[in-house]
Visitor: 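One structure follows; several queries about it will come next.
Every number for a ligand or one of its atoms is a count from 1 in the order of the listing. Note that these values count all heavy atoms, side chains included, but never hydrogens, waters or copies made by symmetry.
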Amino acid sequence: MKVLIVGGGGREHALAWKCAASPRVAAVLVAPGNAGTAGEAGVRNVNVAAEDVAGLVQLAASELVDLTIIGPEAPLVAGVVDAFAARGLKCFGPSRAAARLEGSKAFAKEFLRRHRIPTANSATFTHASFDPAWLRSQRAPLVVKASGLAAGKGVVIADSIEEAHAAAQAMFAGRFGEAGREVVIEEFLPGEEASFIVMADGTHSLPLASSQDHKRRDDGDRGPNTGGMGAYSPAPVVTPRLHTRIMSEVIEPTIRGLAADGMPYTGFLYAGLMIAPDGTPKVLEFNCRFGDPEAQPILMRLQSDITLLCEAALCGALPSVGAQWDPRAALGVVLAASGYPDRVHKGDAIEGLERAARLPGKIFHAGTRVEAGKVLTNGGRVLCAVGLGASVWEAQRAAYALADTVRWPGVQYRRDIGYRAVQREPLR
Ligand code: AMP
Ligand code: GLY
């Protein structure tokens with residue numbers, strides 16, 4: 001079969017690599033891909049942007065693609081799955097209606113409330129409906145969120161009512177463009193964060209191996225928020241008991257609720273959760289896609305054929321398949337360009353990739369491109385070095401051995417990815 005992967009980040013390199021390893025797959029196309037997918041055996045980049053829905057439909061139809069897997073949220077929220085379905089093309093991801101779980105935090109909050117799924121108490125405003133008296137009646141800290149897609153940047157944790165007021169006004173004034181037209185203001189939830197990713201087929205869900213990412217740029221979970229500076233799997237924060245609670249209190253009611261509301265959910269579903277001190281999982285946000293960088297360590301551990309899982313999900317038959325996992329831990333360290341997450345420097349030559357290719361583990365590319373035979377940096381998150389090991393600690397050592405092999409001017413990466421999991425492991 002022929003598979004098309006849509007996107008050009010580390011998650012998409014990992015998806016393309018995993019699909020290419022399947023004995024069922026003859027060819028993998030990636031639109032638009034990166035230098036890593038360009039160099040992968042059995043994989044070919046196609047110069048169509050991930051947001052170009054009409055171009056993607058055209059590509060899948062003309063190349064006789066059997067299965068398309070969408071990486072990023074933007075095409076999903078724009079309705080790429082509906083456009084493929086209208087042409088009878090198989091595309092793994094949620095419909096435009098279901099993707100509103102990520103595309104509109106206002107929609108997600110209203111959905112959660114209506115289906116009694118635990119989440120922070122909140123109110124949604126537009127500039128016209130904003131109620132300063134309501135805000136004054138709340139207790140700080142408060143969390144102010146632009147409702148639309150803001151590339152992970154549209155959330156402000158406000159320590160005072162005045163700060164929350166200012167943050168909401170800035171959003172109404174256009175700080176995040178259209179994404180801030182509606183603003184969600186919610187209570188601050190204490191606890192430990194966890195993420196939980198499943199595949200869904202409209203009715204059923206298949207939990208993927210547990211994982212945890214590090215969203216802050218600097219060691220010790222400090223510094224600015226990013227798309228993710230590293231991730232590992234399994235994540236000991238998700239104990240078997242918590243896993244059971246998340247499935248029955250969050251995932252299953254979400255899949256059931258969407259089906260009942262006439263928008264059954266097919267695709268990866270990513271729940272960002274806060275685990276309250278009493279152990280209750282509460283939803284912070286939904287993503288309608290696989291996580292990046294969570295996908296890289298998770299797919300390193302997946303022993304099942306991802307194309308079979310996606311095809312089973314597309315015909316509502318997820319319970320007929322299961323997922324097998326490598327019992328080893330996997331840990332990925334993101335190597336970012338200087339300036340990330342603000343203004344990043346691009347076009348630097350990356351050294352050491354050949355040496356790294358001879359080491360155990362795998363380097364997935366994100367913001368890279370090839371020019372005159374050289375691999376150059378081409379984005380904020382540039383590479384993700386993934387190691388495997390008998391423990392998270394061993395996977396961490398393998399990942400850093402890989403990361404330390406590559407260089408470019410200004411490369412930055414955290415030295416402590418996985419520290420919480422390593423602390424929980426028995427002493428060596
Ligand atoms: P979100 O995009 O909604 O997941 O928010 C980004 C980050 O802000 C989350 O990963 C949390 O660290 C933090 N956050 C969001 N909402 C809350 C909340 N209600 N209470 C505490 N922290 C939050
Ligand atoms: N790593 C977080 C995300 O993919 O949104």
Visitor: Mind checking whether His243 and Phe196 have parallel, tilted or perpendicular rings, split at 30° and 60°?
Guide: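 Aromatic pair His243/Phe196 classed perpendicular.
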Visitor: May I ask you to list the atoms of ligand 1 that are less than 4.0 angstrom from any heavy atom of Lys105?
Guide: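 Taking each heavy atom of Lys105 in turn, ligand 1 has 1 (P), 2 (O), 3 (O) under 4.0 Å.
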Visitor: Just by distance, no angles: are the side chains of Asp221 and Tyr419 close enough, under 3.5 Å, to form a donor-acceptor pair?
Guide: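 Tyr419 and Asp221 do have a side-chain donor-acceptor pair below 3.5 Å.
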Visitor: Verify the neighbour count for atom CZ of Arg96: are there more than 12 heavy atoms of other residues, nucleotides or ligands below 6.0 Å?
Guide: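 No.
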Visitor: Going through the checks in order, is the salt bridge (charged side-chain N to carboxylate O under 4.0 Å, His left out) test met by Glu110 and Arg113?
Guide: CA-CA 5 Å; Glu110 197 273 326; Arg113 202 164 15 240; over 6 Å; no
Visitor: Specify side chain, backbone, both or neither for Val155, according to which of its non-hydrogen atoms lie closer than 4.0 Å to ligand 1.
Guide: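 Side chain only; the backbone of Val155 stays clear of ligand 1.
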Visitor: Among Glu40, Lys18, His365, which one satisfies side-chain hydrogen bond (donor to acceptor under 3.5 Å, both in side chains) with His13?
Guide: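 Of the listed options, the one satisfying the test is Glu40.
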Visitor: Is there at least one protein heavy-atom neighbour under 4.0 Å from atom 7 (C) of ligand 1?
Guide: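 When distances to the protein are checked, atom 7 (C) of ligand 1 has no heavy atom within 4.0 Å.
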Visitor: Just which atoms of ligand 2 are under 4.0 Å from any heavy atom in Gly227?
Guide: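 Once the distances to Gly227 are compared, the set is 1 (N), 2 (C).
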Visitor: Provide the number and element of each atom of ligand 2 under 4.0 Å from a heavy atom of Tyr270.
Guide: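 Listed by number with element, the hits are 2 (C).
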Visitor: Please report which non-hydrogen protein atom sits nearest to atom 15 (C) of ligand 1, along with the residue it belongs to and the distance in Å to one decimal place.
Guide: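 Minimum-distance protein heavy atom for atom 15 (C) of ligand 1 reads Lys145 NZ, 3.4 Å.
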Visitor: Using a plain distance cutoff, I'd like to know if Gly291 has any nitrogen or oxygen under 3.5 Å from a nitrogen or oxygen of ligand 2.
Guide: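 Looking only at distances, the answer is no, because the N/O contact criterion of under 3.5 Å is not met.
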Visitor: Assign the ring pair His115 / Phe111 to parallel, tilted or perpendicular, where the plane angle (0 to 90°) is split at 30° and 60°.
Guide: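 Judged by the thresholds at 30° and 60°, the geometry between His115 and Phe111 is tilted.
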Visitor: Using a strict 4.0 Å cut-off to heavy atoms of Met274, name the atoms of ligand 1 that fall inside it.
Guide: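 The list of qualifying atoms is 21 (C), 22 (N).
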Visitor: What residue and atom, counting heavy atoms only, is the protein's closest point to atom 17 (C) of ligand 1, and at what distance?
Guide: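 Atom 17 (C) of ligand 1 sits closest to the protein heavy atom Leu284 CD2, 3.5 Å.
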Visitor: Could you find the nearest protein heavy atom to atom 2 (O) of ligand 1 and give me its residue, atom name and distance?
Guide: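 The protein heavy atom lying closest is Glu285 OE1, 3.2 Å.
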Visitor: By number and element, which atoms of ligand 2 are closer than 4.0 Å to a non-hydrogen atom of Glu294?
Guide: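 Contacts of ligand 2 toward Glu294, numbered from 1: 1 (N), 2 (C), 4 (O).
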Visitor: Run the salt-bridge test on Arg397 and Glu394 with the 4.0 Å N-O cut-off and return the result as yes or no.
Guide: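 Not counted as a salt bridge, because no side-chain N and carboxylate O are separated by less than 4.0 Å.
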Visitor: In the protein, what heavy atom is nearest to atom 5 (O) of ligand 2, and what distance, to one decimal place, separates them?
Guide: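 Looking at atom 5 (O) of ligand 2, the protein heavy atom closest to it is Arg289 NH2, 2.8 Å.
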Visitor: Please state which part of Val143 comes within less than 4.0 Å of ligand 1, counting heavy atoms only: side chain, backbone, both or neither.
Guide: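 Side chain only.
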Visitor: Evaluate the side-chain proximity of Glu102 to Tyr270: yes if any heavy-atom separation is below 4.5 Å, no if none is.
Guide: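 Tyr270 vs Glu102: side chains apart.
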Visitor: Does at least one non-hydrogen atom of Pro293 fall below 4.0 angstrom from an atom of ligand 2?
Guide: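 Per 4.0 Å heavy-atom rule, Pro293 contacts ligand 2.
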Visitor: Over 60° means perpendicular and under 30° means parallel, so classify the ring planes of His214 and Tyr232, tilted if in between.
Guide: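 It falls in the tilted class, 30° to 60°.
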Visitor: Please could you name the atoms of ligand 2 that Asn287 approaches to less than 4.0 Å, counting only its heavy atoms?
Guide: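 Checking each atom against Asn287, I get 5 (O).
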Visitor: Who's the nearest protein heavy-atom neighbour of atom 14 (N) of ligand 1, and how far?
Guide: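 The protein heavy atom lying closest is Ile157 CD1, 4.1 Å.
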Visitor: Just which atoms of ligand 1 are under 4.0 Å from any heavy atom in Lys215?
Guide: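 Here the atoms of ligand 1 in question are 10 (O).
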Visitor: Using a cut-off of 6.0 Å, state whether more than 12 heavy atoms not belonging to Arg245 lie near its atom CZ.
Guide: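 For Arg245, atom CZ is crowded (more than 12 foreign heavy atoms under 6.0 Å).
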Visitor: For atom 2 (C) of ligand 2, what is the nearest protein heavy atom, given as residue, atom name and distance?
Guide: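 Among all protein heavy atoms, the one nearest atom 2 (C) of ligand 2 is Asp213 OD2, 3.3 Å.
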Visitor: Backbone or side chain, does any N or O of Asp292 fall under 3.5 Å from an N or O of ligand 2?
Guide: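 The answer is yes, given that Asp292 and ligand 2 share an N or O pair closer than 3.5 Å.
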Visitor: Is a salt bridge present between Glu192 and Arg424, judged by a nitrogen-to-oxygen distance below 4.0 Å?
Guide: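 Here Glu192 pairs with Arg424 in a salt bridge, since their nearest N and O are under 4.0 Å apart.
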Visitor: Would you mind checking which non-hydrogen protein atom is closest to atom 20 (N) of ligand 1, with the distance to 0.1 Å?
Guide: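 The closest heavy atom on the protein side is Leu189 N, 2.8 Å.
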Visitor: For Lys282 and ligand 1, answer yes if some heavy atom of the residue is under 4.0 Å from a ligand atom, otherwise no.
Guide: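 Outside the 4.0 Å threshold, so no.
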Visitor: Please state which part of Glu193 comes within less than 4.0 Å of ligand 1, counting heavy atoms only: side chain, backbone, both or neither.
Guide: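 Just the side chain.
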Visitor: For atom 19 (N) of ligand 1, what is the nearest protein heavy atom, given as residue, atom name and distance?
Guide: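 Looking at atom 19 (N) of ligand 1, the protein heavy atom closest to it is Glu186 OE2, 2.8 Å.
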Visitor: Are Lys109 and Glu186 within salt-bridge range, i.e. N to O under 4.0 Å?
Guide: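 Between Glu186 and Lys109 there is a salt bridge, with a charged N closer than 4.0 Å to a carboxylate O.
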Visitor: Going by side-chain contact (heavy atoms from CB on, under 4.5 Å), Leu302 matches just one of Asp305, Ile306, Ile298. Which one?
Guide: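 For Leu302, the side-chain contact (heavy atoms from CB on, under 4.5 Å) check succeeds only for Ile306.
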Visitor: Is it true that Arg407 and Asp348 make a salt bridge, defined as a side-chain N closer than 4.0 Å to a carboxylate O?
Guide: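 A salt bridge is absent here (no side-chain N lies under 4.0 Å from a carboxylate O).
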